[in-house]
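Numbers for residues simply follow the sequence, beginning at 1.
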Amino acid sequence: ADKLFMGKKGTKRHQKALGDIERYHSTDQFEAAVKAYLDQYGLPEDWSTLSLLLDYSNPEKVLETLNAMKNLYESRTLMEKQGFKAKVDILAMTASDRDLRDFAEEMLKTL
């Protein structure tokens, strides 16, 4: 019954696409896996996959991901919070997109 209410995100195809993001992280197939997932399903809802999307090359999608993770931040473990904060810090220092860099800098002030 749960899968019925999940719509497209309750299918085996969705599970495969989600797994592809994790499987192809840090490979040359990562960008294509993320794009395919986002085009079909939108942003994922789970923290671990959202974390991987912070390495995606599309600054707009990374901004969306940061916003989604910010909304989930308070419910995460201390270790997850620390990892997220470190990743946001890296984005604030290294992002080539000015909007993304500025957003990450502002976000750090609230974490």
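With sequence neighbours left out, Y73 forms a ring-ring contact (aromatic ring centres under 6.0 Å, His included) with F84. Partners of Y37 according to the ring-ring contact (aromatic ring centres under 6.0 Å, His included) rule, which considers only residues two or more places apart in sequence or in another chain, are H14, Y41.
For the atom pair NE2 of H25 and OG of S48, the computed distance is 11.0 Å after rounding to the nearest 0.5 Å. Rounded to the nearest 0.5 Å, atoms CG (L100) and CG (L91) are 5.5 Å apart. Summarising the geometry, atom NZ belonging to K16 is positioned 13.5 Å from atom NZ belonging to K12; distances are rounded to the nearest 0.5 Å. Summarising the geometry, atom NZ belonging to K61 is positioned 14.0 Å from atom CG belonging to L54; distances are rounded to the nearest 0.5 Å.
Of the listed residues (I21, T65, L43), just one forms a side chain to side chain contact (heavy atoms under 4.5 Å, CB included) with L38, and that residue is L43.
Within 6.0 Å of CD in E22 there are 12 or fewer heavy atoms belonging to other residues, nucleotides or ligands. Other residues, nucleotides and ligands contribute more than 12 heavy atoms inside 6.0 Å of the CD atom of Q29. Few gaps surround NZ on K81; more than 12 heavy atoms of other groups in view lie less than 6.0 Å from it. Taking a 6.0 Å sphere around CE of M93, one finds it holds more than 12 heavy atoms contributed by other residues, nucleotides or ligands.
For the pair M69 and W47, the tightest heavy-atom approach, listed with the atom from each and the gap, is O-CZ3, 3.3 Å. Closest heavy-atom contact between L50 and P44: CD2-O, 3.4 Å.
The stretch residues 87-111 participates, sequence neighbours left out, in these side chain to side chain donor-acceptor pair (under 3.5 Å) pairs: D55-K87, E106-K109.
Hydrophobic clustering, with ILVMFWY side chains joined whenever heavy atoms are under 4.5 angstrom apart, groups Y56 together with L72. Hydrophobic clustering (side-chain heavy atoms under 4.5 Å, transitive across Ile, Leu, Val, Met, Phe, Trp, Tyr) keeps I90 apart from L53.
For the pair V34 and L52, the minimum side-chain heavy-atom distance is 4.5 Å or more.
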